[in-house]
There are 2 protein chains.
Amino acid sequence: MTDAPTKARKRDGSLPSALVDAGIELLRERGSGGLSLRECAAKANVSHAAPGYHFKNLKGLSTAIATRGFGHFVDAMEKRRKSATTNPKAQLEAICQGYLDFASDYPELFLFIFSGQQFNKDDEPFETVASKAYAILREACAPYVPTESRPEEIEILVWSLVHGFAHLSMTRKLDNPQLGRTWPDFDVVIGHLFKSITAAQE
Amino acid sequence: MTDAPTKARKRDGSLPSALVDAGIELLRERGSGGLSLRECAAKANVSHAAPGYHFKNLKGLSTAIATRGFGHFVDAMEKRRKSATTNPKAQLEAICQGYLDFASDYPELFLFIFSGQQFNKDDEPFETVASKAYAILREACAPYVPTESRPEEIEILVWSLVHGFAHLSMTRKLDNPQLGRTWPDFDVVIGHLFKSITAAQE
DNA sequence: CCACATAACTTGACACTGTCAAGATATGAT
DNA sequence: ATCATATCTTGACAGTGTCAAGTTATGTGG
């Protein structure tokens, strides 16, 4: 479909990326459980065992897809962060908005990444991009951690709230879409959040 | 294993429940993706197509498992709620603790239920127990919604926080178990939560 | 007690999946 | 032009979900 006329793919190293593309397309079409090595191969116009050569097994392809997902994740957060003023509140708000941008722009990748399934934790590109995402959030939270308090407290507070909000919005809206009308904006939720952490500061 | 000697199962209507047992055991052993109709059948000492007769397809069995999961979910919350004083703060705290009890007692069911996969929304037992869970949380939040404010705001705030905390605790601790040491207790997180919602009340 | 209707399974088949081994083929270096 | 190697293909095997058709138990009416 993407590669209509050419019967055999040029061996230019583009296949792994094309297979990840196909996998994401598959996730979008059939949900988190609909990933298949053979269908990815078919979408990329290669034989059914070609994905196995590059990714070893399904977990390998899943890890590559998750790596792509985390890439979009950090991009979304950094894009919002760069176009915000430098004061801590604006920065943290921007990070959270980026988080939600990612969840609504790539719902299947969001669900896939946080579905609880295990990826190859020894995969180097995956580990670096994933920890980069955590680092961004941690940095934005830093100004709000009280002196002589472990930073984890605030980080988990912020992270849990935005992640829980995104995750629940997603799953509930998938269940019954007409519920989107009564669903609160994130602004009011994050309003409460700032009341909480500034109260903790004093 | 559970039914060692008897070669053929008695037709007493116990098979559906036994298959759900087997499915949960399978989820515990192999994670969210390791569910299989045929293995459930083998564990219950019936033929490979027996699950299909009761649950139609894999989605049907999954829905039955999720129904069981939501049952434990509401049990955990109500158990904590009943052994708490009747003041609103203790009640809400109890609900949240029950939420986390469920997540740590049945991690595979927690992940399975909230993995984003679709269940049979027309399944009557599933729908009733699921909405009962939501009703419990909603009731506990009711005292905290400000007058002339939509209840969803506070509900989502509380729900997102406790769900996000549980979900992140789970997935991160699955990734690297030694992280459990630095992970904050829920008490301190819920402390911030109450600062937030009582600040909203005034 | 016996036929019989029906619920509860079993057997068998088909298309599909992941994964491995072995063969084919293009690409770049010598 | 030869050759080594990375990249892909072909073929096979075990396992999966799902359906159709056959079998067996169970309880009900005669």
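The sequence lines fix the lettering, A, B, ..., with proteins before strands; numbering per chain opens at 1. All heavy atoms count here, side chains included; hydrogens, waters and symmetry mates do not.
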Legend entry - Rounded distance (Å) that lies between atom P of C/dC16 and atom CG of A/L37: 16 Å
Legend entry - Under-3.5 Å donor-acceptor pair between B/H48 side chain and D/dG15 base: no
Inset, instruction - Find the distance A/R30:CZ to D/dG17:P and express it as a whole number of Å. - result: 17 Å
Legend entry - Nucleotide nearest B/S47 (side chain, heavy atoms from C-beta), chosen from C/dA8, D/dG11, C/dT10: C/dT10
Legend entry - Residue of the set A/T67, A/T63, A/L61 for which side-chain contact (heavy atoms from CB on, under 4.5 Å) holds with A/I65: A/L61
Inset, instruction - Ignoring backbone atoms, test whether B/S36 places a side-chain nitrogen or oxygen under 4.0 Å from the OP1 or OP2 oxygen of D/dG17. - result: yes
Inset, instruction - From the options C/dG18, D/dT10, C/dT10, select the nucleotide whose nearest atom is closest to the side chain of A/A49. - result: D/dT10
Inset, instruction - Select one nucleotide: of D/dC8, C/dT19, D/dT18, the one nearest the side-chain heavy atoms of A/N57. - result: C/dT19
Legend entry - B/N120 side-chain N/O to B/D123 backbone N/O, donor-acceptor pair under 3.5 Å: no
Inset, instruction - Look at the side chain of B/R38 against the base of D/dG15 and say whether a donor-acceptor pair falls under 3.5 Å; ignore hydrogens and angles. - result: no
Legend entry - Separation of D/dG17 P from B/L19 CG (nearest whole Å): 12 Å
Inset, instruction - Rounded to the nearest angstrom, tell me the gap between atom CZ in A/F55 and atom C1' in D/dT7. - result: 13 Å
Inset, instruction - Starting at atom CD of A/E39, determine the distance to atom P of C/dA15, rounded to an integer number of angstrom. - result: 16 Å
Legend entry - Check ion pair A/E139-A/R81 (N to O, under 4.0 angstrom): no
Legend entry - B/H54 side chain near C/dA7 phosphate (N/O to OP1/OP2, under 4.0 Å): no
Legend entry - Exam field: side chain A/S17 to backbone A/S14, donor-acceptor pair closer than 3.5 Å: no
Inset, instruction - Whole angstrom is fine here: how far is it from CG in B/L61 over to C1' in D/dT16? - result: 14 Å
Legend entry - Parallel, tilted or perpendicular: ring planes of A/F114 versus A/F70, cut at 30 and 60 degrees: perpendicular
Legend entry - Between D/dC8 (C1') and A/L15 (CG): distance, integer Å: 9 Å
Inset, instruction - Give the nucleotide from the list C/dA7, C/dG18, D/dT16 with an atom nearest to the side chain of B/Y53. - result: C/dA7
Inset, instruction - For A/R11 and for B/G13, locate the closest nucleotide of DNA chain C by heavy-atom distance; then report the residue assigned to the nucleotide nearer the 5' terminus. - result: B/G13
